[in-house]
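The structure appears below as structure tokens.
In this chain, numbering begins with 1 at the start of the sequence shown. Side chains are part of it too, since the values below use all heavy atoms of this structure and drop only hydrogens, waters and symmetry mates. Counting starts at 1 for both ligands and their atoms, in listed order.
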Amino acid sequence: MSKMDFTLANGLLPTYRRLPRVFVRGEGVWLFDQEGRSHLDFLAGLGVSILGHADPNLVAAVQEQSARLWHVSNLYYTDALLELSEALWRQTGRQAFLCNSGAEANEAAFKLARKVMHQRGAPERYEIITFSHGFHGRTLATLAATANKHYQEGFAPLPEGFVLTPWNDLEALESAIGPHTAGVLIEPIQGEGGIHVASAEFLRGIERLTRESGVLFMVDEVQCGMGRSGRFFAHEWAEVRPDIVTVAKALAGGLPIGAMLAEPSIGAAFKPGDHGSTFGGNPVAARAALAVLQALEERDLLSHVQRMGHELMAGLQMLQQKHPAILAVRGLGLMCGLQLDQDPAPLVAQALESGLLVGSAEGQVLRLLPPLIVQQEHIERAVAILDALFGAREAS
Ligand SMILES: *Cc1c(COP(=O)(O)O)cnc(C)c1O
């Protein structure tokens, strides 16, 4: 393999602030760059690669399918599509609309919510209520649903019909629900917004208010779903039952996929022709998703995540006691954030130099999303690297 110079990136639109590393190979929790340097991956491609890199079962499933059939379109069925929809049905009791990303899954949810209200004879109910610090994607509608004004700057006008309410404030939500409301959309654990875990009371309150007012209860589990919280869906911790759940990132362990999962009575508002996606349910991505679902079950990954989540939390809390730059530790399962007293970007760059991939989130938060297969020894190493970096900053 010839060595690539990242200045070749002049051919890319400058939408990302990338760190100067060219990765060429991955194995488990490890990523290798073209110099052969190893890196402990505690970001998992933004919460995507939950089985780590090059998982043998995932690779085999994709290889088998890709040698047999790649694409047919949604004018027909494929064996992979049928098997995936059946597996999702068994896992969630919901019917799936398959697409390619989180934003698309949320778009499908907005369209379904409007269609449901239209069918109920209430087309004036088109608004979706969302929460401060919420993030739902980068398309125009999902941007309109996203709280951070910074992401919206320069892209006006955004589609109408999105109303922002404060996080963890049921009274404000109650007064926001009105004659135009179609549904309420929440991330049970906010990711981009800074790792804020919704309390069970808050989620149950949303469930109660939406039921009482006859509007839809929708959750965006694009980042926190698929086992990351230690349950299959993070909202399961609160024992609530949303009408619509969106997933994407980790669903196929690294191949592009998204799904909007709806209770059958709600999903029935969509008729043939109402919505679509050329690649949605692509057999190769569907096979990868099946391998991920199988791994979660057969390797008992949910209880592993709960155990490892406790270890990681304990390590991060130990760091907080030692280092005054850490103001708070938040998270659930393997979705964790350190609230810092400073911009985390320099620390993220230094961690990379020390062989550790971590990320950042809104509000000066250092974000950790390790693969769900992470082991105790990896957690100890990641915590030790962060410990040394915080220590060095204090010394300087
Ligand atoms: C990443 C993310 C999205 C957007 O997903 P894309 O695949 O980038 O479109 C939506 N919601 C949440 C909670 C996310 O974390």
Side-chain angles (χ1 to χ4, degrees), residues 13 15-16 18 43-50 96-113 128-148 150-152 155 158-159 162 164 167 183-198 203 206 218-229 232-235 242 244-261 277 279-282 285 288-289 292 330-337 359-363 365 367-370:
L13 284 172
T15 49
Y16 293 98
R18 295 173 204 260
L43 196 54
L46 289 165
V48 167
S49 316
I50 52 173
F97 171 79
L98 289 157
C99 52
N100 313 287
S101 69
E104 253 189 286
N106 286 332
E107 288 268 353
F110 302 155
K111 283 181 72 176
L112 179 58
I128 306 292
I129 298 177
T130 61
F131 296 93
S132 49
H133 306 294
F135 179 89
H136 301 293
R138 303 292 204 133
T139 63
L140 288 172
T142 55
L143 260 190
T146 288
N148 191 335
H150 169 76
Y151 292 134
Q152 302 179 349
F155 301 112
L158 295 177
F162 297 90
L164 196 64
W167 180 253
V184 176
L185 175 68
I186 183 170
E187 290 162 87
I189 309 173
Q190 292 184 324
E192 306 303 309
I195 315 292
H196 299 279
V197 184
L203 289 172
I206 296 173
M218 305 151 74
V219 300
D220 178 342
E221 295 249 1
V222 168
Q223 190 163 151
C224 62
M226 300 302 299
R228 181 152 295 281
S229 73
F232 186 78
F233 288 134
H235 70 259
I244 296 175
V245 184
T246 57
V247 287
K249 288 188 165 84
L251 177 55
L255 284 188
I257 194 168
M260 190 261 299
L261 304 165
S277 166
F279 288 120
N282 170 276
V292 167
R330 291 194 294 267
L332 184 62
L334 289 171
M335 185 162 179
C336 298
S360 57
E362 202 183 305
V365 170
R367 180 166 40 156
L368 301 157
L369 302 168

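Evaluated for a side chain to side chain contact (heavy atoms under 4.5 Å, CB included) with His235, the options Ile189, Val219, Ile186 yield exactly one hit, Val219.
Ligand 1 places these atoms under 4.0 Å from at least one heavy atom of Ser101: 7 (O), 9 (O). Interface of Asn106 with ligand 1, defined as ligand atoms under 4.0 Å from a residue heavy atom, comprises 10 (C), 11 (N). Close approach of ligand 1 to Gln223 is summarised as follows: ligand atoms under 4.0 Å from at least one heavy atom of the residue are 15 (O). Which parts of ligand 1 touch His136 is read off a 4.0 Å heavy-atom cut-off, strictly below it: atoms 10 (C), 11 (N).
Val247 is listed as a side-chain neighbour of Phe233, based on a closest heavy-atom distance under 4.5 Å. Between Glu221 and Met226, every side-chain heavy-atom pair lies at or beyond the 4.5 Å cut-off. Between Val184 and Phe131, the closest side-chain pair of non-hydrogen atoms falls below 4.5 Å. His136 places none of its side-chain heavy atoms less than 4.5 Å from the side chain of Thr246. Contact check for Ser229 versus Met335: no side-chain heavy atoms found under the 4.5 Å cut-off.
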Between Thr146 and Phe162, does the side-chain contact (heavy atoms from CB on, under 4.5 Å) criterion hold? Intermediate values first, please. CA-CA 9 Å; Thr146 288; Phe162 297 90; over 6 Å; no
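Of the candidates Ala103, Ala145, Gly47, it is Ala103 that places a heavy atom closest to atom 4 (C) of ligand 1.
The part of Glu187 lying near ligand 1 is the side chain, judged by heavy-atom distances below 4.0 Å. Contacts with ligand 1 closer than 4.0 Å are made by no heavy atom of Ala248, backbone or side chain. Proximity of Lys249 to ligand 1, defined as any heavy-atom pair under 4.0 Å, is confined to the side chain (atoms from C-beta onward). Proximity of Thr139 to ligand 1, defined as any heavy-atom pair under 4.0 Å, is not found for any part of the residue.
Between Glu192 and Arg367 a salt bridge is recorded (basic side-chain N to carboxylate O distance below 4.0 Å).
For atom 7 (O) of ligand 1, the closest heavy atom belonging to the protein is Gly102 N, 2.8 Å.
Protein heavy atoms come within 4.0 Å of atom 11 (N) of ligand 1.
For ligand 1, the polar-atom distance check against Asp220 finds a nitrogen or oxygen pair separated by under 3.5 Å.
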